[in-house]
Enquirer: 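The structure under discussion is supplied below as structure tokens; questions concerning it will follow.
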Amino acid sequence: MTDDRKSDRANPYLAHLQNSSSTVNKYTGKPYSERYYELLKVRRALPIYEKRDEFLKLVEENKVVVLVGDTGSGKTTQVPQFLLEYGIREKNKMIVCTQPRRVAAMSVAQRVSEELEVPLGEQVGYTIRFEDVTGPKTILKYATDGMLLREAMSDPQLSRYSSIILDEAHERTLATDILMGLLKTIVRTRDDLKLIIMSATLDAGKFQDYFSRDPEYPLTVPLLNVPGRVYPVEVYYTPEPEKDYLEAAIRTVIQIHANEPLGDILLFLTGEEEIEETCKRLNQDIPLLVKEPKPFRVLPLYSSLPPNAQQRVFEPPPTNGRKIIVATNIAETSLTIDGVVYVIDPGFSKQKIYDPRVRVESLLVSPISKASAKQRAGRAGRTRPGKCFRLFTEQTFKKDLLETTYPEILRSNLANVVLTLKKLGIDDLVHFDFMDPPAPETLMRALELLNYLGALDDEGELTQLGRLMAEFPLDPQLSKMLIVSPQFQCSNEILSIVAMLSVPNCFLRPRDAQKKADAAKARFTHSEGDHLTYLNVYYAYKHNNEDPNWCYQNFLNYRSLKSADNVRSQLEGLMNKLNLPLVSTDFQSGDFYVNIRKALVNGFFMQVAHLESSGYYLTVKDNQVVSLHPSHGLDHKPTWVVYNEFVLTSRKYIRTVTEIKGEWLLQYASHYYDLANFPDGEAKRDLEKLTLKNKKPRKHK
DNA sequence: GAGCACTGC
């Protein structure tokens with residue numbers, strides 16, 4: 001503590017720091033406990049602590065500071081506290097620090113509240129979807145980046161905050177990218193705002209350039225480097241490219257297990273199926289190929305694994321043995337497993353790509369970036385020096401891998417982003433200062449879609465409907481459908497369907513019980529459409545008191561259903577707030593399901609397929625030959641269907657399909673089904689016939 | 001007749 005006072009005197013910028021030798025907590029008025037001082041000791045040993053004065057001086061003198069620090073530097077917990085102590089918080093404004101993931105926001109807030117010895121939710125809190133643990137006393141809050149973006153929609157200057165910290169900016173999530181675009185302007189107009197960008201090593205210069213560059217208002221943006229605290233990881237490459245990375249990976253695991261000292265192994269693969277297969281192989285092969293193998297436990301790890309199975313990777317390894325964890329990218333950023341000493345990196349992951357030409361997002365196994373490879377290697381050095389075996393050549397690493405993964409904004413359908421930006425008052429999207437501007441075609445597709453949905457008028461201005469749509473945390477098609485559903489007397493039902501469509505698939509199909517699972521699903525199936533099947537499942541879940549056992553017996557994913565129920569409540573709250581009535585058609589009425597299907601058409605008229613005489617479906621307008629996804633529950637092949645998703649795997653499939661009538665397309669989406677501008681084909685001829693049929697009775701009237 | 005990288009609102 002003596003050291004501290006000395007440095008306070010030495011640095012004039014710290015003149016109004018609170019007296020750090022005080023024994024009374026200024027927030028609670030209570031004397032500090034022993035634990036407080038223990039934590040303080042740990043905090044002062046963090047690498048970031050040595051940079052505190054330098055950091056605060058930079059903040060004092062600049063509006064924007066880029067702080068670069070690797071894992072273990074302590075930046076996420078300490079930097080917001082530096083700003084707090086420093087008194088950067090002015091006029092009752094708050095400090096907010098964003099995180100890409102909810103768990104991080106929660107756990108860091110918890111940690112910091114302990115370090116400051118205040119109850120979580122009072123001076124220090126967090127805000128994530130479904131949960132706002134903050135209060136009137138809150139001066140520091142952690143929030144997901146998406147949540148701060150939502151806040152910006154009602155407070156475009158983010159005027160509640162005196163300091164905004166964007167953490168993990170190098171991950172370049174959609175929300176962080178949009179926030180950066182907004183804040184670049186806000187920070188130039190608000191004199192009472194400090195912006196801190198925190199990032200891992202790569203790309204730091206890019207953030208600096210981006211925030212400083214402006215023809216009218218250039219800024220000096222200093223960069224501060226903080227060393228991380230990790231152990232060295234030795235990297236090995238293969239001398240020749242591997243033909244089969246799975247075989248190579250299995251071989252490497254076996255070699256490590258046979259020859260290397262104890263320490264857990266982490267193998268990165270691309271997906272569930274590959275992981276389960278590899279786990280099986282390892283359990284078979286290790287006893288066969290290793291003489292008297294040390295004890296080992298093979299553990300799969302991916303997001304759709306039930307939480308208790310995920311937790312197993314944190315259990316201690318078998319006595320005198322090791323854990324072999326076979327994981328997706330989840331182990332690259334979301335979950336950190338201490339005790340990993342060996343990382344095996346084949347160099348691939350599944351990545352989302354968006355093709356604006358066919359308007360399709362799909363997942364593709366692709367080579368990872370250098371940044372990812374480094375991040376993966378770092379996972380071996382958490383507790384002691386480690387080794388990373390890259391199953392590609394050094395040449396490949398240096399010459400072929402991209403520096404960083406393309407930011408999400410370049411790989412996504414931007415309909416939702418465009419709606420958000422419009423709501424934020426950004427009129428000229430084409431000239432919006434994105435750090436990485438998306439392809440013009442992607443923006444055009446998004447504008448076009450929003451125009452067809454009626455969210456934007458022909459001048460590109462947000463309509464009343466568009467403003468309502470932006471209130472919902474949903475894709476535009478879903479929010480449109482929800483907003484019009486009261487007109488079809490089925491908002492209660494559409495609310496349930498939208499919730500079910502917003503969560504991971506609830507149907508389980510374990511490989512050893514596929515027939516039973518299919519039989520269970522058949523009991524919920526509605527033959528007119530999968531959307532209606534989802535409604536049945538949701539009803540059944542509620543009627544069975546949301547019972548996890550009932551879910552288990554019926555091969556339903558309890559987590560998904562619970563989450564759907566949460567989403568539904570949130571959406572219901574928004575419907576009430578926006579004065580959208582919650583109504584149903586009498587279940588006995590023949591119109592109960594008809595009305596629901598009509599509402600579906602109102603949101604998804606652009607995702608319609610027509611049954612051709614060939615027996616295949618053709619999507620309207622873009623004429624893609626598609627098949628019904630084998631998971632569908634229709635008992636016949638309807639002439640017209642709406643679909644929720646276009647999936648590109650071994651074939652082109654449409655998934656979650658419901659039968660509709662061609663008349664409805666003409667009735668509710670005449671602007672889109674304008675036959676004068678419709679591509680020739682069977683679909684058009686069918687619609688023309690319907691037009692004639694509709695005209696005749698009118699003439700008689 | 002097949003799948004579901006990972007987040008987030």
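Lettering of chains follows the sequences in order, A, B, ..., and the numbering in each one begins at 1.
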Enquirer: So what does A:S303 hit on the nucleic acid, given a heavy-atom distance under 4.0 Å: a base, only sugar-phosphate, or nothing?
Expert: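 The residue A:S303 makes sugar-phosphate contact but no base contact.
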Enquirer: Decide whether a cation-pi geometry holds between A:R376 and A:F268; the criteria are a distance under 6.0 Å from NZ or CZ to the six-membered ring centre and an angle within 45° of the ring axis.
Expert: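 Ring-cation test returns yes.
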Enquirer: Return the residues of residues 97-112 of chain A meeting this criterion: a heavy atom under 4.0 Å from some atom of DNA chain B. Order them by number, or give none.
Expert: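 Nucleic-acid contacts, sorted: A:P100, A:R101, A:R102.
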Enquirer: In whole Å, what is the span from the CZ atom of A:R150 to the P atom of B:dT7?
Expert: 20 Å
Enquirer: Residues two or more places apart in sequence or in another chain: which of them pass ring-ring contact (aromatic ring centres under 6.0 Å, His included) with A:F389?
Expert: A:Y236
Enquirer: Between A:R655 and B:dC4, is there a contact of a side-chain N or O with OP1 or OP2 at under 4.0 Å?
Expert: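 For B:dC4, OP1 or OP2 has a side-chain N or O of A:R655 closer than 4.0 Å.
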Enquirer: Has A:T328 got a side-chain N or O lying under 4.0 Å from the OP1 or OP2 atom of B:dC6?
Expert: yes
Enquirer: With a non-hydrogen cut-off below 4.0 angstrom, is A:F472 in contact with a base, only sugar-phosphate, or nothing?
Expert: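 It contacts nothing in the nucleic acid.
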Enquirer: Rounded to the nearest 0.5 Å, what separates atom CG in A:D145 from atom OG1 in A:T176?
Expert: 3.5 Å
Enquirer: Would you indicate, yes or no, if B:dA2 has its OP1 or OP2 atom less than 4.0 angstrom from a side-chain nitrogen or oxygen of A:Y653?
Expert: yes
Enquirer: Have a look at A:L174 and say if it touches a base, only the backbone sugar-phosphate, or nothing, with a 4.0 Å heavy-atom cut-off.
Expert: nothing
Enquirer: Is the phosphate of B:dC6 approached by A:S349 (side-chain N or O, under 4.0 Å from OP1 or OP2)?
Expert: no
Enquirer: So what does A:E272 hit on the nucleic acid, given a heavy-atom distance under 4.0 Å: a base, only sugar-phosphate, or nothing?
Expert: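 Base, at least one base atom sits under 4.0 Å.
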